[in-house]
Amino acid sequence: MSVNKSETGLIRICRKAGKLKCGMNEVKRCCESKEARMVFTARGLSEKSVKEIKFCCEKNGIECVELSVDMEQLAETLGKRTGILAVTDTEFAKAIKERAQTNAARL
């Protein structure tokens with residue numbers, strides 16, 4: 001299994017479990033309602049989008065983590081093009097963060 005496959009595999013499982021929100025507007029709503037446990041951004045996401053979502057996360061006390069996968073890899077995984085994800089389950093969020101950090105260290 002390639003490095004990024006383990007990360008995208010967890011994201012896929014999280015989505016199937018109904019614990020994943022995608023896209024800037026949906027993720028911001030999720031943060032503001034305190035439903036999000038952690039927010040993830042795709043590697044290579046525009047600086048403007050990263051700045052906007054990080055501001056929202058900081059305002060609502062939610063951690064924001066950069067994934068080791070880019071938007072194209074997320075599109076293959078989720079079936080839609082997005083670079084911003086919110087995870088609503090604490091254990092999924094921790095596991096995805098751990099994989100993202102491990103994978104980033106290998107890149």
Side-chain angles (χ1 to χ4, degrees):
M1 183 178 276
S2 77
V3 171
N4 291 338
K5 290 278 187 197
S6 63
E7 192 172 340
T8 56
L10 261 178
I11 292 168
R12 185 177 289 116
I13 293 167
C14 184
R15 180 177 184 216
K16 287 182 180 180
K19 304 295 182 182
L20 187 72
K21 305 292 183 187
C22 304
M24 179 68 81
N25 292 335
E26 185 69 21
V27 170
K28 285 170 85 172
R29 276 193 295 273
C30 196
C31 288
E32 290 163 359
S33 70
K34 307 294 187 202
E35 187 182 357
R37 299 295 168 245
M38 200 172 294
V39 169
F40 296 92
T41 60
R43 182 173 39 89
L45 188 64
S46 78
E47 189 176 320
K48 179 184 178 289
S49 293
V50 170
K51 186 177 180 179
E52 185 176 344
I53 200 63
K54 280 188 174 184
F55 176 78
C56 182
C57 287
E58 288 172 12
K59 185 171 92 174
N60 292 289
I62 297 166
E63 187 175 2
C64 186
V65 177
E66 183 179 46
L67 295 168
S68 68
V69 296
D70 60 24
M71 285 181 66
E72 301 307 318
Q73 292 166 308
L74 281 180
E76 288 176 21
T77 300
L78 300 172
K80 76 183 235 181
R81 188 167 162 79
T82 186
I84 301 172
L85 309 172
V87 176
T88 61
D89 179 85
T90 304
E91 295 307 314
F92 272 126
K94 285 184 204 175
I96 294 169
K97 177 185 175 183
E98 183 179 302
R99 295 270 175 93
Q101 290 174 335
T102 300
N103 292 345
R106 292 179 184 170
L107 293 178

Would you check if the side chain of Thr88 reaches a backbone N or O of Glu35 as a donor-acceptor pair within less than 3.5 Å? no
Rounded to the nearest 0.5 Å, how far does CD of Gln101 lie from CD1 of Ile96? 12.5 Å
Would you kindly confirm whether Val87 and Ile84 end up in one hydrophobic cluster when ILVMFWY residues are joined by side chain heavy atoms under 4.5 Å apart? no
Common cluster, Ile62/Met24, ILVMFWY with side-chain heavy-atom separation under 4.5 Å: yes
Any chain of hydrophobic side-chain contacts (each under 4.5 Å) joining Val50 to Val27? yes
Go through it in stages, so that I can follow the logic: the residues are Glu7 and Ser68, the test is side-chain hydrogen bond (donor to acceptor under 3.5 Å, both in side chains), and I'd like the CA-CA distance, side-chain angles, deciding distance and then a yes or no. CA-CA 8 Å; Glu7 192 172 340; Ser68 68; 2.4 Å; yes
For the student: nearest non-hydrogen atoms of Leu45 and Gly83, plus distance: CD2-O, 3.7 Å
Which heavy atom of Thr82 sits nearest a heavy atom of Gly23, and at what distance? OG1-N, 3.2 Å
Any side-chain heavy atom of Lys48 within less than 4.5 Å of one from Glu52? yes
Exceeds 12 heavy-atom contacts within 6.0 angstrom, atom NZ of Lys51: no
Roughly how far apart are Lys97 NZ and Leu67 CG, rounded to 0.5 Å? 12.5 Å
Any heavy-atom pair between the side chains of Thr77 and Val69 that's under 4.5 Å? no
If we only count heavy atoms from C-beta on, is the Met71 to Arg43 side-chain gap below 4.5 Å? no
Any heavy-atom pair between the side chains of Thr41 and Val65 that's under 4.5 Å? no
In Å and rounded to the nearest 0.5 Å, what is the CZ to NZ distance from Arg37 to Lys94? 11.5 Å
Once you round to the nearest 0.5 Å, how far does CD of Glu32 lie from CG of Asn60? 6.0 Å
Which distance, rounded to the nearest 0.5 Å, do you find between the NZ of Lys28 and the SG of Cys57? 10.5 Å
Quick check on the hydrophobic clustering: are Phe40 and Leu78 connected, directly or via other members, by side-chain heavy-atom contacts under 4.5 Å? yes
Report the distance from atom CZ of Phe92 to atom CD1 of Ile13, rounding to the nearest 0.5 Å. 6.5 Å
Which one of Glu26, Arg29, Arg15 satisfies the side chain to side chain contact (heavy atoms under 4.5 Å, CB included) criterion with Lys21? Glu26
Output, in order, the C-alpha distance, side-chain angles, deciding distance and verdict of side chain to side chain contact (heavy atoms under 4.5 Å, CB included) for Asn103 and Ser6. CA-CA 9 Å; Asn103 292 345; Ser6 63; 3.9 Å; yes
Crowding at CD, Glu98 (>12 non-hydrogen neighbours, <6.0 Å): no
Dump the intermediate steps for side chain to side chain contact (heavy atoms under 4.5 Å, CB included) on Leu85 and Leu74, then the final yes or no. CA-CA 10 Å; Leu85 309 172; Leu74 281 180; 4.0 Å; yes
Locate the shortest heavy-atom distance separating Lys54 from Cys64; write the atom from each residue and the value. CG-SG, 4.0 Å
